[in-house]
Amino acid sequence: MSAPSFDEIKRPLPKDEALTEANRCLFCYDAPCMRACPTHIDVPGFIKKIATGNLRGSARMILESNILGASCARVCPTEELCEGACVLNDLHHKPIDIGRLQRYATDPFVIDAHTPLFAPGAATGRKVALIGGGPASLACAAELGRRGHTAIVFEAAPLAGGLNSYGVADYKMRHETALREIAWVEQCGVEIRCNTAVGRDVSLDSLLTDYDAVFVGVGLGGVPPLGLPGEELSGVRDVLDFIAELKTRPKADVSLAGKRVAVIGGGNTAIDGVTQAVRLGAAKVHLVYRRGRDEMPAYEHEIELARKDGVDLVLQAQPVAIEGSTHVTGLRCVQTRLGEPGADGRRAFETVPGSEFTLAVDVVLRASGQEKRRGFLSGIPGLALDKGGRVIVDDTGRTGNPKVFAGGDCVSGGKEVVNAVADGKKAALGIDALLKGN
Ligand SMILES: Cc1cc2nc3c(=O)[nH]c(=O)nc-3n(C[C@H](O)[C@H](O)[C@H](O)COP(=O)(O)OP(=O)(O)OC[C@H]3O[C@@H](n4cnc5c(N)ncnc54)[C@H](O)[C@@H]3O)c2cc1C
Ligand code: SF4
């Protein structure tokens with residue numbers, strides 16, 4: 001068996017396989033895959049178009065619903081969404097390979113070539129500022145452009161795309177692919193100003209005054225400190241910084257050859273940390289989680305990937321200190337005992353006295369959830385946050401400030417790219433109605 005690599009795990013479908021797969025679809029009426037997709041792509045419709053050789057029509061049908069259909073085809077947890085809902089599962093057959101068919105239809109127009117499939121709408125003279133250049137804002141901006149409004153995206157980072165460019169594991173989607181898709185979205189009439197942080201390079205007040213509406217798609221922040229002794233040692237990092245670095249630098253520069261790595265957390269981001277540490281050549285990789293495997297928030301198929309990669313799942317283990325003098329040499333943990341589920345449905349746990357042990361490691365990655373951008377968000381007049389720090393919106397994506405809409409991770413608290421796209425599009429329809437005075 002070959003060592004895990006950064007090559008895409010889900011390879012593109014060749015034409016003959018795509019046609020065979022398309023012809024396996026039952027073209028269900030009221031298709032459950034379509035309901036399971038947060039952007040409600042007409043899955044049987046686009047697959048039928050592939051089967052009849054109308055690839056352009058198929059791509060248009062996908063992108064009408066989901067402008068980031070090319071990246072979603074690669075990064076969506078399809079096992080949990082459209083493919084998980086496919087009726088063939090109930091008939092004990094393999095579900096239709098919807099993600100790869102979606103890629104087959106969209107790549108020729110969005111990634112391989114930049115074909116303009118949609119013309120911008122007749123200019124309305126109204127303009128909208130979008131804060132953040134991630135999937136939520138890009139989807140919102142593209143939809144606004146199609147409705148004739150000027151949409152300008154302000155992105156703090158050097159590149160747009162948010163976590164599509166800086167977070168998604170390379171073996172799902174390469175950095176270059178995300179950038180190709182963004183260039184196509186720009187070609188659809190969206191203007192993106194990178195290296196422009198709102199609140200630093202341009203004031204929030206000026207956006208609220210100069211634009212007819214504002215969309216907030218700022219996502220989430222970094223991983224908060226764990227508060228452990230030794231956390232300041234070199235070798236201890238936020239997993240998001242680690243992933244952003246390996247996405248934007250040559251792999252040889254970020255090699256972990258021979259290193260022992262511990263990733264703290266049990267969600268999908270922790271899995272991305274361990275699987276990529278393995279691919280960077282780490283000698284030993286541990287995933288340290290304080291509850292058991294059944295309680296891990298990560299998807300089952302993601303946990304299975306980590307297991308196949310040879311990751312050591314250190315379960316029911318609570319980190320208590322990071323050891324070392326200047327550089328980390330070990331992660332001290334204590335065993336936990338699980339109790340009954342609490343009010344939040346999660347099982348309580350207590351530490352087991354005398355059960356301490358140390359993992360000898362050279363790198364510790366914190367992957368225990370992302371902070372909310374409360375500081376920035378609470379500076380927006382009228383916008384309210386819930387107790388968890390998420391922006392409160394109505395069912396059109398509108399916040400407590402009538403001209404400010406929001407969507408994506410800053411509203412959901414952290415979901416998937418496809419959810420952010422759905423939010424962005426919904427908010428664009430809300431903004432369009434506002435601008436038309438409806
Ligand atoms: C490591 C990791 C891996 C993931 N992998 C997957 C996956 O495989 N599949 C999947 O579907 N989902 C995945 N997700 C989740 C997915 O990436 C997010 O749900 C999605 O990107 C959210 O989109 P967004 O636009 O809300 O926010 P983001 O993608 O976070 O984009 C927000 C943008 O706003 C910018 N910004 C913030 N503040 C300002 C400001 N003041 N001024 C200007 N710009 C600002 C940020 O720089 C950022 O670019 C992953 C998440 C993480 C953390
Ligand atoms: S966008 Fe994602 S969830 Fe929706 S049909 Fe495509 S692959 Fe499935």
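Numbering of ligands and ligand atoms starts at 1, following listing order.
Of the heavy atoms in F376, only side-chain atoms (C-beta onward) come closer than 4.0 Å to ligand 1. Of all the heavy atoms of R373, the ones lying under 4.0 Å from any atom of ligand 1 belong exclusively to the side chain.
Short contacts between ligand 1 and L240, defined as distances under 4.0 Å to a heavy atom of the residue, involve ligand atoms 1 (C), 53 (C). Residue G162 approaches ligand 1 through these ligand atoms, each under 4.0 Å from one of its heavy atoms: 29 (O), 31 (O), 48 (C), 49 (O). Ligand 1 places these atoms under 4.0 Å from at least one heavy atom of A136: 25 (O), 26 (O). Per-residue contacts place I131 under 4.0 angstrom from the following atoms of ligand 1 (heavy atoms of the residue considered): 40 (C), 42 (N). Heavy-atom proximity to L81, at under 4.0 Å, picks out these atoms of ligand 2: 3 (S). Against a heavy-atom cut-off of under 4.0 Å, T196 is close to the following atoms of ligand 1: 43 (C). Close contacts of ligand 1 with G408, meaning ligand atoms under 4.0 Å from a residue heavy atom, involve 26 (O). Set against the non-hydrogen atoms of G217, the atoms of ligand 1 under 4.0 Å away are 32 (C), 33 (C), 34 (O). Within ligand 2, counting atoms from 1 as listed, the ones closer than 4.0 Å to a heavy atom of T78 are 7 (S). When each atom of ligand 2 is checked for a heavy atom of N66 under 4.0 Å away, the hits are 1 (S). Numbered from 1 in the order shown, with element, the atoms of ligand 1 that lie under 4.0 Å from a heavy atom of A197 read 42 (N), 43 (C). The atoms of ligand 2 that sit less than 4.0 Å from any heavy atom of I41 are 1 (S), 6 (Fe).
Nearest protein neighbour of atom 44 (N) of ligand 1, counting heavy atoms only, is A156 N, 3.1 Å. C76 SG, 2.4 Å is the protein heavy atom nearest to atom 2 (Fe) of ligand 2. Counting protein heavy atoms only, atom 12 (N) of ligand 1 is closest to E416 OE1, 3.1 Å. In this structure, the protein non-hydrogen atom closest to atom 40 (C) of ligand 1 is V198 N, 3.8 Å. Here the heavy atom of the protein found nearest to atom 7 (C) of ligand 1 is V75 O, 3.7 Å. The shortest contact between atom 39 (C) of ligand 1 and any protein heavy atom is with V218 CG1, 3.9 Å. Looking only at heavy atoms of the protein, atom 8 (Fe) of ligand 2 is closest to C82 SG, 2.2 Å. Closest protein heavy atom to atom 6 (Fe) of ligand 2: Q102 OE1, 2.1 Å. In terms of protein heavy-atom proximity, atom 27 (O) of ligand 1 is nearest to G219 CA, 3.5 Å. When only non-hydrogen protein atoms are considered, atom 8 (O) of ligand 1 lies nearest to K172 NZ, 2.9 Å. Summary of contacts: the protein heavy atom closest to atom 35 (C) of ligand 1 is E155 OE1, 3.3 Å.
Between R74 and E181 there is no salt bridge, since no side-chain nitrogen of the basic residue lies less than 4.0 Å from a carboxylate oxygen of the acidic one. For R307 and E302, the salt-bridge test fails: no basic side-chain N is under 4.0 Å from an acidic carboxylate O. Between E21 and R100, no side-chain nitrogen of the basic residue sits less than 4.0 Å from a carboxylate oxygen of the acidic one, so the salt-bridge criterion is not met. Remark: R147 engages D432 in a salt bridge, criterion side-chain N to carboxylate O under 4.0 Å. Under the 4.0 Å criterion applied to side-chain N and carboxylate O atoms, E191 and R193 are assigned as salt-bridge partners. Salt bridge status for R35 with D30: present, with a side-chain N to carboxylate O gap under 4.0 Å. Salt-bridge formation is not detected for the pair K94/E83: no Lys NZ or Arg NE/NH1/NH2 atom is positioned less than 4.0 Å from an Asp or Glu carboxylate oxygen. A salt bridge between R237 and E245 is present, with a side-chain N of the basic residue lying under 4.0 Å from a carboxylate O of the acidic one. A salt bridge links E8 to R103: one of the charged nitrogens lies within less than 4.0 Å of a carboxylate oxygen. Taking the charged nitrogens against the carboxylate oxygens, D409 and R390 have no contact shorter than 4.0 Å, which rules out a salt bridge.
Ranked by closest heavy atom to atom 2 (C) of ligand 1, the top entry among C410, A406, G167, S412 is G167. Between atom 34 (O) of ligand 1 and the options C194, G132, A270, the minimum heavy-atom separation is to G132.
The N/O atoms of T269, backbone and side chain alike, include none that comes under 3.5 Å of an N/O atom in ligand 1. The shortest N/O to N/O separation between P135 and ligand 1 falls below 3.5 Å. Between D409 and ligand 1, an N or O atom pair is found at a separation short of 3.5 Å. Below 3.5 Å of separation, one finds an N or O of K415 facing an N or O of ligand 1. Taking any N or O of L163, backbone or side chain, at least one lies under 3.5 Å from an N or O belonging to ligand 1. Between V417 and ligand 1, at least one pair of N/O atoms sits closer than 3.5 Å. Among the atoms of C76, none of the N or O lies under 3.5 angstrom from an N or O of ligand 1. Remark: ligand 1 and V168 share no N or O pair separated by less than 3.5 Å (distance only, no angle test).
For the 3.5 Å distance criterion, the side chains of T275 and D309 fail to qualify, holding no donor opposite an acceptor. Remark: the D170 side chain and the H175 side chain contain no N/O donor-acceptor pair separated by less than 3.5 Å.
Considering all non-hydrogen atoms of both residues, Y211 and K403 come closest at O-NZ, 2.7 Å. Of all heavy-atom pairs spanning Y289 and M296, the tightest one is CD2-CG, 3.5 Å. The two residues L208 and P381 make their nearest non-hydrogen contact at CD1-CD, 3.8 Å.
Under the 4.5 Å side-chain criterion, counting only non-hydrogen atoms from C-beta, D312 is not in contact with V285. At least one side-chain heavy atom of I182 sits under 4.5 Å from a side-chain heavy atom of S165. Looking at heavy atoms from C-beta onward, S65 lies out of side-chain contact with F46 at the 4.5 angstrom threshold.
Distances from atom 18 (C) of ligand 1 to the protein include at least one heavy-atom value under 4.0 Å.
Of the listed residues (K284, R260, H286), just one forms a side chain to side chain contact (heavy atoms under 4.5 Å, CB included) with L359, and that residue is H286.
Geometrically, K48 engages F27 in a cation-pi contact defined by less than 6.0 Å to the ring centre and at most 45° from the axis. A cation-pi geometry, defined here as NZ or CZ lying under 6.0 Å from the six-membered ring centre and within 45° of its normal, does not hold between R60 and F118.
Residue contact check for ligand 1: R200 places no non-hydrogen atom closer than 4.0 Å to it.
Contact annotation: C37 places an N, O or S atom under 2.8 Å from atom 4 (Fe) of ligand 2.
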